[in-house]
Amino acid sequence: MLSRRTLLRSTIAAGILMPALARAARLNDDGLHVQDWWLESFLDLKQDIEDAAAKGKRVVLSFEQRGCIYCAEMHEKHLASPVISGYIRKHFEMIQVNLFGGREITDLDGKALPEKDMARKWAVTTAPTLFFLPPAPGSTSVKDAASARMRGLLPPPAFLAMFRFVAEKAYEKGEFPAYARQHEAELAKAIAAGTPIN
């Protein structure tokens, strides 16, 4: 028999769990977490950069793999923050790449390879790895042309700081570690308070 106390406990537990379940990213057929706002691309990177630039945005490639706990954390924690996802959506087009996938990617140098072979070409050894593509396409490989590269998952304030570092082109003036130290406390407060940033 269901007592009032049991019903109350169940209601409280559901109230605590529902927000966490509501923000969980869904999995695609490859077992990768996906966001409905990420760009569905033909993976012609020159075209993607030009299309994003026409919207005033930059392109980020996110290499991920099935079963990656840090990829899951990025989707379910970092990108669940309205402050982080709001900033990224405003300034970037995100494209997911399967570290072991077979879709063909056309590099900025014009060479096309399956995802898994492109990962080798670009020396991607961990997931997630994010490549922040240049604001305009050139003719060298993404590995050499990227404005920044994030190997592994940073804590939420540093993660957001990396996107801001690229959006502001701060890489033209200095290195990311110094930028992150300067801005992490401010970004941590914004994330905790839910305060959007520009």
Legend entry - Side-chain donor/acceptor of K111 to backbone N/O of M118, under 3.5 Å: no
Legend entry - Side-chain donor/acceptor of E115 to backbone N/O of G102, under 3.5 Å: yes
Inset, instruction - Could you tell me whether W38 and H75 have their ring centroids closer than 6.0 angstrom? - result: yes
Inset, instruction - Would you check if P128 and C68 make a side-chain contact, meaning some heavy-atom pair closer than 4.5 Å? - result: yes
Inset, instruction - Taking the side chain as every heavy atom from C-beta outward, state whether D48 and L39 have any atom pair closer than 4.5 Å. - result: yes
Inset, instruction - Would you name the heavy atoms of G152 and T129 that are closest together and state the gap between them? - result: N-OG1, 4.4 Å
Inset, instruction - Would you please say whether a donor-acceptor pair under 3.5 Å links the side chains of E73 and H78? - result: no
Legend entry - Note: K46-D51 ion pair, threshold 4.0 Å (strictly below): no
Legend entry - L79 vs I88 side-chain heavy atoms within contact, under 4.5 Å: yes
Legend entry - Pairwise side-chain contact, W37 with S85, heavy-atom cut-off 4.5 Å (strictly under): yes
Legend entry - Rounded distance (nearest 0.5 Å) linking atom NZ of K55 with atom NE2 of H91: 15.0 Å
Legend entry - Minimal non-hydrogen separation, R149 against F132, with atom names: N-CD1, 4.4 Å
Could you give the side-chain donor-acceptor pairs of residues 161-176 under 3.5 Å, partners two or more places apart or in another chain?
residue, atom, partner, partner atom, Å
R164, NE, E168, OE2, 3.1
R164, NH1, E186, OE2, 2.9
R164, NH2, E186, OE2, 3.4
E168, OE1, Y179, OH, 2.7
Y171, OH, R58, NH1, 3.1
Y171, OH, R58, NH2, 3.3

Legend entry - Greater than 12 external heavy atoms within 6.0 Å of K116's NZ: no
Inset, instruction - Find the distance between NZ (K77) and OH (Y70) and round it off to the nearest 0.5 Å. - result: 11.5 Å
Can I get a per-line list of side-chain donor-acceptor pairs under 3.5 Å for residues 187-198, giving both atom names and the distance, sequence neighbours left out?
none

Legend entry - Pair D30 + R66: basic N to acidic O under 4.0 Å: no
Legend entry - Main-chain N/O of G110 paired to D107 side chain as donor or acceptor, under 3.5 Å: no
Inset, instruction - Could you state whether M150 and V59 fall into the same hydrophobic cluster, counting links through intermediate Ile, Leu, Val, Met, Phe, Trp or Tyr residues with side-chain heavy atoms under 4.5 angstrom apart? - result: no
Inset, instruction - Say whether D109 and S141, considering side chains only, have a donor N or O and an acceptor N or O under 3.5 Å apart. - result: no
Legend entry - T106 OG1 to L45 CG distance, which is reported to the nearest 0.5 Å: 7.0 Å
Legend entry - Nearest-0.5 Å distance, CD1 of residue I49 to CG of residue D44: 9.5 Å
Legend entry - Gap between atom OG of S41 and atom CZ of R103 - 0.5 Å precision: 7.5 Å
Inset, instruction - State, with a plain yes or no, whether a side-chain heavy atom of L32 is found less than 4.5 Å away from one of N98. - result: yes
Inset, instruction - Answer yes if V60 and W122 sit in the same cluster of Ile, Leu, Val, Met, Phe, Trp and Tyr residues linked by side chain heavy atoms under 4.5 Å apart, and no otherwise. - result: no
Inset, instruction - Working to the nearest 0.5 Å, report the span between CD of Q35 and NE2 of H33. - result: 9.5 Å
Inset, instruction - Would you mind reporting whether S62 and C71 have side-chain heavy atoms less than 4.5 Å apart? - result: no
